[in-house]
J.: 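Let me begin by handing over the structure; questions about it come next.
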Amino acid sequence: MNNKLNNMINDFMANSDAKDMKELNEQLQEFIKKYNAGEIEYKKTALDSAYELLEKAENTKSKHQAIKYAKEAYKMCSACFDAIILQAELEDNPLKKIKLLEEGLKNEKNRLIGEKFFEKDNIGSFYSIFETRPYIRGLRVKVEYLINDGKIKQARDVCKEILRLNKSDNIGARYLLMAIYAYLEDENEILKLYKKYPEEDLEMLFPIFALYYKIGNDKKAKEYLNRINKANPHFIKIFKNTIKENRTVPDGYYTKGDSSEVLMYFSVYFFLIITMPNISYYVLENSKKN
């Protein structure tokens, strides 16, 4: 949803005279129909203009120009936190990158607190709220920066904060946190998290397998290895060097149970895999037995 439509829906909801949810939904559908037809007038805000600049930044081929547009967007409206995220992504110096993002996150949190978004009713639903969604995206980016810098415990704490603010976890912080717990060999926390998000896929199963492999619990390691091979038959192929890229899956995406999921995992979670230099021998040997 863009900022313009979000503002218009907020105004509509505030002024609606609907007697129940059914009537409100009917009115909302009619409102969106008129909006799409261009029948509703709208006064553009500073945030709208900032996002228009940010769109220019994202579409330009010049990195220098992109940074310039992003800076102008944030200067125009400090609520356009996505402009800070983009500036951080475009920064080459890793120290400046994390400093820029951390300062931006601090300012954004203070702004959101001032506008009452950190009140109890909103905690747990941040990604479903248009105004707080960029803050969650910023935290997710920070986790990646921290992991790349070897600051695993700090990354763990940020992941936990993301899940506190956004329980549905639309951005997959739980997957990173599972891998972090495996890295730290924290059996208690990894099982608690898996109980909360019991998914039978590579991003949830591999960390548990890795944990048991690392702490020497062969029985449990083999159990989860078996479950991984059932969830994704392509998993074993990466150790046999027979895995093939699925070119029908767009770049930057993956499909669960597909080779694209395996290739994604070994790219994104390399920080965990590198801690197990003999893992290929173990997987091949025990997959053969099973």
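All values derive from a computational prediction rather than experimental measurement. Residue numbers run from 1 in the order of the sequence given.
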J.: Does any non-hydrogen side-chain atom of K160 lie less than 4.5 Å from one of R164?
T.: no

J.: Run the numbers on L225 and F206 for side chain to side chain contact (heavy atoms under 4.5 Å, CB included), then give the verdict.
T.: CA-CA 8 Å; L225 177 59; F206 185 88; over 6 Å; no

J.: Would you compute the distance between atom CD of E131 and atom CG of L47 and round it to the nearest 0.5 angstrom?
T.: 8.5 Å

J.: According to a hydrophobic-cluster definition based on side-chain heavy atoms being under 4.5 Å apart (Ile, Leu, Val, Met, Phe, Trp, Tyr only), do M76 and I84 belong together?
T.: no

J.: For a 4.5 angstrom cut-off between non-hydrogen side-chain atoms, does R137 reach R140?
T.: no

J.: Using the six-membered ring wherever Trp is involved, compare the ring planes of F209 and Y282 and label them parallel, tilted or perpendicular (cut-offs 30° and 60°).
T.: tilted

J.: Examine the side chains of N229 and S287 and answer whether a donor and an acceptor come within less than 3.5 Å of each other.
T.: yes

J.: Quick one: pull up CG in L90 and NZ in K71 and give me the separation to the nearest 0.5 Å.
T.: 10.5 Å

J.: Examine Y135 together with Y127 and report whether their ring centres are nearer than 6.0 Å.
T.: no

J.: Which distance, rounded to the nearest 0.5 Å, do you find between the CD of E115 and the OG1 of T132?
T.: 11.0 Å

J.: Is it true that atom NZ of K99 has more than 12 heavy atoms of other residues, nucleotides or ligands lying nearer than 6.0 Å?
T.: no

J.: Under the criterion salt bridge (Lys or Arg N to Asp or Glu O under 4.0 Å), I'd like the reasoning laid out for K192 against E189: C-alpha separation, chi angles, the key distance, then a yes or no.
T.: CA-CA 5 Å; K192 279 171 58 178; E189 290 300 323; 3.4 Å; yes

J.: Decide whether D218 and Y212 meet the rule of one side-chain donor and one side-chain acceptor closer than 3.5 Å.
T.: no

J.: Measuring only between side-chain heavy atoms, which start at C-beta, is K256 closer than 4.5 Å to L202?
T.: no

J.: Using a 4.5 Å cut-off on heavy atoms from C-beta on, say whether the side chain of Y183 contacts that of M178.
T.: no

J.: Please check this pair: side chain of N166 against backbone of I162, looking for a donor-acceptor N/O pair closer than 3.5 Å.
T.: no

J.: With a cut-off of 6.0 Å (strictly less than), are more than 12 heavy atoms of other residues, nucleotides or ligands near NZ of K63?
T.: yes

J.: Would you say E261 and D201 make side-chain contact, with heavy atoms under 4.5 Å?
T.: yes

J.: Decide whether F266 and F270 are clustered together by the hydrophobic rule: side chain heavy atoms of Ile, Leu, Val, Met, Phe, Trp, Tyr closer than 4.5 Å, transitively.
T.: no

J.: Could you tell me how the ring of Y269 sits relative to the ring of Y265: parallel (under 30°), tilted (30 to 60°) or perpendicular (over 60°)?
T.: parallel

J.: Heavy atoms only: give me the nearest A182-I190 pair and the separation to one decimal.
T.: N-CD1, 3.9 Å

J.: Please determine whether a side-chain nitrogen of the Lys or Arg among R174 and E203 lies less than 4.0 Å from a carboxylate oxygen of the Asp or Glu.
T.: no

J.: Could you check whether the rings of Y224 and Y194 sit parallel, tilted or perpendicular, using 30° and 60° as the cut-offs?
T.: perpendicular

J.: Would you give the length of the straight line joining atom CG of L205 to atom CD of E199, rounded to the nearest 0.5 angstrom?
T.: 9.5 Å

J.: Locate the shortest heavy-atom distance separating Y51 from P134; write the atom from each residue and the value.
T.: OH-CG, 4.0 Å

J.: Do NZ/NE/NH1/NH2 and the carboxylate oxygens of K106 and E102 come within less than 4.0 Å?
T.: no

J.: Indicate yes or no: does K75 engage E72 in a salt bridge with an N to O separation below 4.0 Å.
T.: no

J.: Please evaluate residues K219 and E223 with respect to the criterion salt bridge (Lys or Arg N to Asp or Glu O under 4.0 Å), reporting the C-alpha separation (whole Å), side-chain torsions for both, the decisive distance (0.1 Å), and the verdict.
T.: CA-CA 6 Å; K219 182 180 178 180; E223 175 192 335; over 6 Å; no

J.: At their closest point, which heavy atom of K97 faces which heavy atom of A88, and how far apart are they?
T.: NZ-O, 2.9 Å

J.: Got a second to check how far K153's NZ is from I180's CD1, nearest 0.5 Å?
T.: 12.0 Å

J.: For a quick check under 3.5 Å, do D48 and T45 share a side-chain donor-acceptor pair by atom type?
T.: yes

J.: Is it true that the side chains of T275 and K214 contain a donor and an acceptor less than 3.5 Å apart?
T.: yes

J.: Indicate yes or no: at least one non-hydrogen side-chain atom of Y181 is less than 4.5 angstrom from one of N188.
T.: no

J.: Let's go through L54 and C80 carefully: what are the C-alpha distance in whole Å and the side-chain angles of both, what is the deciding distance for side chain to side chain contact (heavy atoms under 4.5 Å, CB included) to 0.1 Å, and is it a yes or a no?
T.: CA-CA 9 Å; L54 192 59; C80 187; 4.0 Å; yes

J.: Apply the test side chain to side chain contact (heavy atoms under 4.5 Å, CB included) to residues I243 and V262: give CA-CA distance (whole Å), side-chain angles for both, the deciding distance (0.1 Å), then the verdict.
T.: CA-CA 9 Å; I243 196 164; V262 180; 3.8 Å; yes

J.: Is a side-chain donor or acceptor of N232 paired with a backbone partner of D258 at a separation under 3.5 angstrom?
T.: yes

J.: Taking C-beta and beyond as the side chain, do L284 and I236 meet within less than 4.5 Å on heavy atoms?
T.: yes

J.: Locate the shortest heavy-atom distance separating K222 from N286; write the atom from each residue and the value.
T.: CE-OD1, 2.9 Å

J.: Of all heavy-atom pairs between E200 and R227, which one has the smallest distance, and what is that distance?
T.: OE2-NE, 2.8 Å

J.: For the pair S280 (side chain) and F239 (backbone), establish whether a donor and an acceptor sit closer than 3.5 Å, ignoring hydrogens and angles.
T.: no

J.: If two hydrophobic side chains count as joined below 4.5 Å and joins carry through other members, does M276 share a cluster with F271?
T.: yes

J.: Counting neighbours of CD on E55 that are heavy atoms of other residues, nucleotides or ligands and sit closer than 6.0 Å, is the number greater than 12?
T.: no

J.: Looking at L86 and A70, what are the two nearest heavy atoms and their distance?
T.: CD2-CB, 4.2 Å

J.: Are Y69 and E52 close enough that a side-chain donor and a side-chain acceptor fall under 3.5 Å?
T.: no

J.: Could you check whether any side-chain N or O of E245 sits under 3.5 Å from a backbone N or O of R247, counting only pairs where one atom can act as donor and the other as acceptor?
T.: no

J.: Does any non-hydrogen side-chain atom of N107 lie less than 4.5 Å from one of S78?
T.: no

J.: Would F126 and R133 satisfy side chain to side chain contact (heavy atoms under 4.5 Å, CB included), going step by step from the backbone distance to the final call?
T.: CA-CA 6 Å; F126 262 40; R133 185 175 295 179; over 6 Å; no

J.: Are I279 and M204 joined in one hydrophobic group, where the rule is that I, L, V, M, F, W and Y side chains link up if heavy atoms are under 4.5 Å apart?
T.: yes

J.: Has N278 got a side-chain atom pairing as donor or acceptor with Y281's backbone, closer than 3.5 angstrom?
T.: no

J.: What is the distance from atom OG1 of T60 to atom NZ of K68, rounded to the nearest 0.5 Å?
T.: 10.5 Å

J.: For L146, run the side chain to side chain contact (heavy atoms under 4.5 Å, CB included) check against V158, I152, V141 and tell me which one passes.
T.: V158

J.: Are L272 and V268 connected in the hydrophobic side-chain network, where two residues link if heavy atoms are under 4.5 Å apart?
T.: yes

